[in-house]
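In what follows, a structure is listed as structure tokens, so that the remarks can point back to it.
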Amino acid sequence: MASSSLSLLLFMFILASLLSASTVAYNVSYDSRSLIIDGHRKLFISAAIHYPRSVPAMWPGLVDLAKKGGVDVIETYVFWNGHELSPDNYYFGGRYDLVKFCKIVQQAGMYLILRIGPFVAAEWNFGGVPVWLHYVPGTVFRTDNEPFKHYMQKFMTYIVNMMKKEKLFASQGGPIILAQASLLLFYLCYSSQSQLFCSKAFSRFPKSRYFIEVQVENEYGFYETAYGEGGKRYAQWSASMAVAQNTGVPWIMCQQFDPPDTVIDTCNSFYCDHFKPISPHKPKFWTENWPGWFKTFGASDPHRPPEDVAFSVARFFQKGGSLQNYYMYHGGTNFGRTSGGPFITTSYDYDAPIDEYGLARCPKWGHLKDLHRSIKLCEHALLNGEPSLLSLGSSQEADVYEVPTGACAAFISNMDDKNDKTVVFRNTSYYLPAWSVSILPDCKNVVFNTAKVGSQISVVEMIPTDLQPSATSPNKDLKGVQWDVFVEKAGAWDTADFTKNGLVDHINTTKDTTDYLWYTTSLHVDETEEFLKKGRSPMLLVESKGHAMHVFVNQKLQASASGNGTVSHFKFISSISLKAGNNEIALLSMTVGLQNAGAFYEWIGAGPTSVRIEGLKNGTVDLSTSTWTYKIGLQGEHLRIYDTNNLNAVKWESTPEPPKQQPLTWYKAVVDSPPGNEPIGLDMMHMGKGLAWLNGEEIGRYWPRKASKYEICVQKCDYRGKFSPNKCNTGCGEPTQRWYHVPRSWFKPSGNILVIFEEKGGDPTQISFSARKVSNVCSHISEDHPSFYSQSLQTSSTGKNSNKATVSLKCPTNTQISAVKFASFGDPVGTCGSYVQGQCHDPNSVSMVEKVCLHKNDCELELSKENFDMQLCPSLVKQLAVEVVCS
């Protein structure tokens, strides 16, 4: 989710349809119903995929999978702090190759929404704004502040000029690799954590080849008042500055309660059916629909049921919406130190329709694909028909869109979150499960109900494979992996960066060049102290603004503590071992992603504010004002020993049996690529906390911190009723993140350098790669499940769809259905992986599924008399449940 705060965002829609080689020009405008392209109203379904949260080798597959899912628009932010590493030092390589990503979307024949922040929030480190900007004298973020506005305008201009140079703007006619058509528009947006609104204005402009929507600022409305008159001036300046870029497009604003007439306000939330633009002349847009939620280290895993996501989307279009964007459709990975929060996990999976590893999350992906197809069948009537509302009960209603030429579409909804209902619409009865919407593209036939999931369910497993020593390893004759080990010194590992009386702010000292800052002081203990004789240890009391800390006394780890995703600051008390004489006390303070949203968020600090010791004969000793020695970062970081070009910067100790549970330890191994071509995760279940690299590429922070077993988790989620991020959680008492995505494109066949830095101690011999595989697929549908072909809607005159419910099963590419694990036509019960026969069962079920599906990559099986005994149990609405093995 793009969290609450202000930012300049450039929204671009690039339409790419495969046409002829000649330039195709379009005219874009809008009215109260939708965007208008060449005189035709258009309905759009958009999917957020952030380019730096995956890798270039994944981009074509992600875009293609979104397109196959019924999406026609890809949306992404532009991440300022990933591109301008220091003033005027720009980077657009690797995961940050923005132009390459845009052109991949273009080649796929899709639209692109490019959101040039420069503030993005998005659970991204520092909200996407470069940390160095905070230290430009006199700078205050996101208000009428000259230094901030200067750098913001400079970056936005740089990106706009890059787009112009690559001819990606519609006003240029388009850069077309393949002949495409598109148009331009501009946006202005801002939001809150619970709901986001945008305003957007469009006007006619010259024909062009791309459709681009541009947004300036992001989620500013809830914070504008905190900045006073400066906030208002800044918002006006942002819009004026963006328009002055001369891209020839209009603007929108998100979460703006008083948008100017020149912009259109839009919505961001879990539900936007009741949202209305402030002006009746503006179209209804939903710029962020959250199909899941993000995770924080130490918390349980949130999930949003596909039935509820589909319900929210259907209700939005039922109530006159015409553009909807999933945030996220593929969440991806916060590689390296890019996650924000603080405490956002390295995984940004978001329970999205495409998972972190690039696999379709089924049934969510398939259910939404069926929804998109059904909505698109209604497009003409939705955007051109005269709407009417019919009440069908206390919580049931139908929205009908009729066109004078005869086209008609209806959405019938049951908003009762407990009870199924049967309603009568146009003299026909329709059964509506609780909290569901039925879609009738011809006002007769139900082709989709949001609560009836008929798409396949995929069983995804992480299959472990031990680390294999590389053939290129210098110790290739040894069995097992040979580990090289380097141990850091606690405290100042080299000449101190500075010494100061008192405690300094962590972030202001490191400027986020590293997660780590050493605070070191000494304490003299008199040999007459009673605790030395009686054995009762003194107590260390620490207060910190966040985020985490390890305490070392005389080079030994004594305690660890941290905040969490809800409260980053913390206090802790722990016994410590002191000796007579001088004692070195070294605190390793750590950040876990910087604040990414909120008014004046750039001023939120981290690090210890109070350090005291109790239990000495002279009472409490307050070390807070003592002389502290400071050292920024780790020695291994400073020498970049994770980089393949700097591996020999320290003296590694080689051993087939690396030390276990040893803090401040670097581990290095040379390994082969895991077999196969499935996505790979690094299993860090048995490690403590730290950082990982492969071949110099940043895998990211790892921390298998467990969620509390006292949190509320569910075995089965009830989709009915309004969703909130803690409604359908799993994983209580388990690590928030066990596996860490390592893209296949980072591997070489052999000679891969895996480097781990472990902060507090773990067992590196338990580290393994895991292949993410779809092992089984299931389907469970009833004979009355909506099923259709669009042609039948045009030819049917009976008022009822005659197509039979059909099970569709598909294994991953290059695999096939090798066995039928379960099949029952009748009244089977259970869920995928645990189906059992009911009282009613067709004994030929397994053989029929085997006949149609065995040894094929995919198959379809109709629930018909040709395939099953339809006379079986005549009083029942029969079902077919199937589970097959893919191999």
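In what follows, every heavy atom counts, from backbone to side chain, and hydrogens, waters and symmetry copies are set aside.
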Test log, rule side chain to side chain contact (heavy atoms under 4.5 Å, CB included), inputs Ser46 and Gln324: CA-CA 6 Å; Ser46 175; Gln324 189 261 174; over 6 Å; no
Intermediate values then yes/no, ring-ring contact (aromatic ring centres under 6.0 Å, His included), His50 and Tyr327: CA-CA 10 Å; His50 293 163; Tyr327 184 101; 5.5 Å; yes
Full working for ring-ring contact (aromatic ring centres under 6.0 Å, His included) between Trp293 and Phe270: CA-CA 10 Å; Trp293 204 245; Phe270 290 113; 5.3 Å; yes
Verdict with supporting geometry, Arg361 and Asp349, salt bridge (Lys or Arg N to Asp or Glu O under 4.0 Å): CA-CA 10 Å; Arg361 172 171 277 112; Asp349 180 83; 2.8 Å; yes
Residue pair Phe44, Tyr111: steps toward the ring-ring contact (aromatic ring centres under 6.0 Å, His included) verdict: CA-CA 9 Å; Phe44 294 107; Tyr111 294 86; 4.7 Å; yes
Evaluation steps, side chain to side chain donor-acceptor pair (under 3.5 Å), between Tyr357 and Trp739: CA-CA 11 Å; Tyr357 294 80; Trp739 291 279; over 6 Å; no
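Of the N and O atoms on the side chains of Ser347 and Gln737, not one donor lies less than 3.5 Å from an acceptor on the other residue. Using modelled atom types, one finds a donor on one side chain and an acceptor on the other under 3.5 Å when comparing Trp290 with Glu288. Side chain to side chain, Glu402 and Ser388 fail the donor-acceptor criterion of an N or O pair below 3.5 Å. With 3.5 Å as the limit, one finds a donor-acceptor pair spanning the side chains of Asp308 and Tyr271. Counting only N and O atoms by type, the side chains of Glu356 and Tyr348 include no donor and acceptor under 3.5 Å apart. Under the 3.5 Å distance criterion, with hydrogens and angles disregarded, no donor-acceptor pair is assigned to the side chains of Ser34 and Ser322. A side-chain donor from one of Asn334 and Arg53 sits under 3.5 Å from a side-chain acceptor of the other. Checking Asp420 against Tyr431 by side-chain atom types alone, a donor-acceptor pair falls below 3.5 Å. No hydrogens or angles considered: a donor-acceptor pair under 3.5 Å links the side chains of Ser413 and Arg315.
The aromatic rings of Tyr326 and His372 sit tilted, their planes meeting at an angle between 30° and 60°. Ring orientation note: the planes of Tyr401 and Phe411 are nearly perpendicular, at an angle over 60° on the 30°/60° scale.
A pairwise comparison of heavy atoms in Ala398 and Leu392 identifies CB-CD1, 3.8 Å as the closest pair. Considering all non-hydrogen atoms of both residues, Thr730 and Val714 come closest at CG2-O, 3.8 Å.
Atom SG of Cys853 sits about 9.5 Å away from atom CD of Glu860, to the nearest 0.5 Å. Distance check, rounded to the nearest 0.5 Å: CD1 of Ile74 to CD1 of Ile49 gives 4.0 Å. Here Asn729 contributes atom CG and Ile712 contributes atom CD1; the two are 9.0 Å apart, rounded to the nearest 0.5 Å.
Other residues, nucleotides and ligands place more than 12 heavy atoms under 6.0 Å from the NZ atom of Lys727.
Asn445 places no side-chain N or O within 3.5 Å of a backbone atom of Val447 that could act as its donor or acceptor partner. In terms of modelled atom types and a separation under 3.5 Å, the side chain of Lys706 and the main chain of Thr736 share no donor-acceptor contact. In this structure, Lys284 contributes its side chain and Phe275 its backbone to a donor-acceptor pair below 3.5 Å.
When the options Leu854, Leu809, Val849, Val882 are evaluated for a side chain to side chain contact (heavy atoms under 4.5 Å, CB included) with Cys859, the one that passes is Leu809.
Aromatic ring centroids of Tyr719 and His367 lie 6.0 Å or more apart. Residues Phe448 and His785 keep their aromatic ring centres 6.0 Å or farther apart.
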